[in-house]
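Before any comments, here is the structure.
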Amino acid sequence: MTAHRRPAANQPLPQYLLTHRKLTGLSQPEVAALLGRKDGSMLSRYELGQRVPQLDTALGLIAVYRAPIQELFAGRYKGIEAKVAQRARRLLKKFAKVKPPPEFTHKLATLSALAEPRRGKLDQLPTDVEDAGH
Amino acid sequence: MLAIDLTSRGFGYVVMEQDRPIDWGLATGTALGDILSRLAALIDRWDVQTLLIEDYKAPESKRCARVKKDLAEIDRQVGETGLRVVRVIQKAVLIRFAALGAKTKRERAVWLAARFPELARHLPPIRKPWMSENEKTGIFDAAAFAVVKLGIIAGPGAVHGTPPLGPLYKPDTSPGTP
């Protein structure tokens, strides 16, 4: 059993490393070599969702697959983004209790933008397969 | 959604998310136990909710007895796990693709490779009369089930161009977007 689960039916998976590797046509040992590893076993664990790569390895994967982190780790990123939004809303509530000085305008605008997570393509994932009819 | 097509050596498969493949390939092993364990691994890896198979019960199904028996068992065993199993009538695939001018397996595979460039390098060579069917055809047969079921190609008269390439998940990074 792996940790590779959607948080909800219409949410993206935590990561799409295997998908992006297949897009490149590279094998696990080849990607591992590009990342400076001896073999592909750790990459296999990342692809299965059993382990999460450290920052340098994640940056290496971005460099190899030429895809942004939000695509490679779509579900994980969305989860973190949602938590940031939640914390931004909490901070905004604190500022709402007192009248903020004019120099806080930019800060409040930043927090307001953070409080609303961006919408991605997979936010519209269908929850069920509709019968196309045949 | 996971779509599979049984071949002489195992099965071809495509895992679809929204309207794009996120995994595709061939699984080898003709024994039913091997097929089921490979299926279980794919279902687990991609948190699959729906399995698409050929409708082996359709009267016009031309699959051999062994394949029909295996499909029936897959239908039963996977269905018992709570996963939704959807059967796709092969005739529906033929009709839908024929409307696009893709009447043969080769033409369907070429259409699918244009629609999903990530599958293009798996296009089998053109089959000559003395050749057996290349097992990679199974990937495209599975993809054909998926596109018909997802409604990516609709009925006759629909116009479907090849969409531009795009990332699997593209967050909206335009400023001010909620």
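Proteins come first, then strands; the chains are lettered A, B, ... in the order of their sequence lines, and each starts at number 1.
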Evaluate the side-chain contact (heavy atoms from CB on, under 4.5 Å) criterion for residues E17(B) and T19(A): first the C-alpha distance (whole Å), next the side-chain angles of each, then the deciding distance (0.1 Å), finally the verdict.
CA-CA 11 Å; E17(B) 187 168 73; T19(A) 307; over 6 Å; no
Ring pair (Phe, Tyr, Trp, His ring centres under 6.0 Å): pairs with one or both residues in residues 54-102 of chain B, sequence neighbours excluded:
F97(B)-W111(B)
Counting only heavy atoms not in E80(B), do more than 12 fall under 6.0 Å of its CD?
yes
Using every non-hydrogen atom in the two residues, find where K22(A) and R121(B) come nearest and quote the distance to one decimal.
O-NH2, 3.4 Å
Side-chain atoms of residues 32-39 of chain B: list all donor-acceptor pairs with protein atoms under 3.5 Å, sequence neighbours left out, distances to 0.1 Å.
{"residue": "S37(B)", "atom": "OG", "partner": "D34(B)", "partner atom": "O", "Å": "3.2"}

Which heavy atom in E47(A) sits nearest to a heavy atom in R45(B), and how many Å separate them?
O-NH1, 3.7 Å
More than 12 heavy atoms of other residues, nucleotides or ligands under 6.0 Å from CZ of R106(B): is that the case?
yes
How far does CG of L13(A) sit from CG of D47(B), to the nearest 0.5 angstrom?
6.0 Å
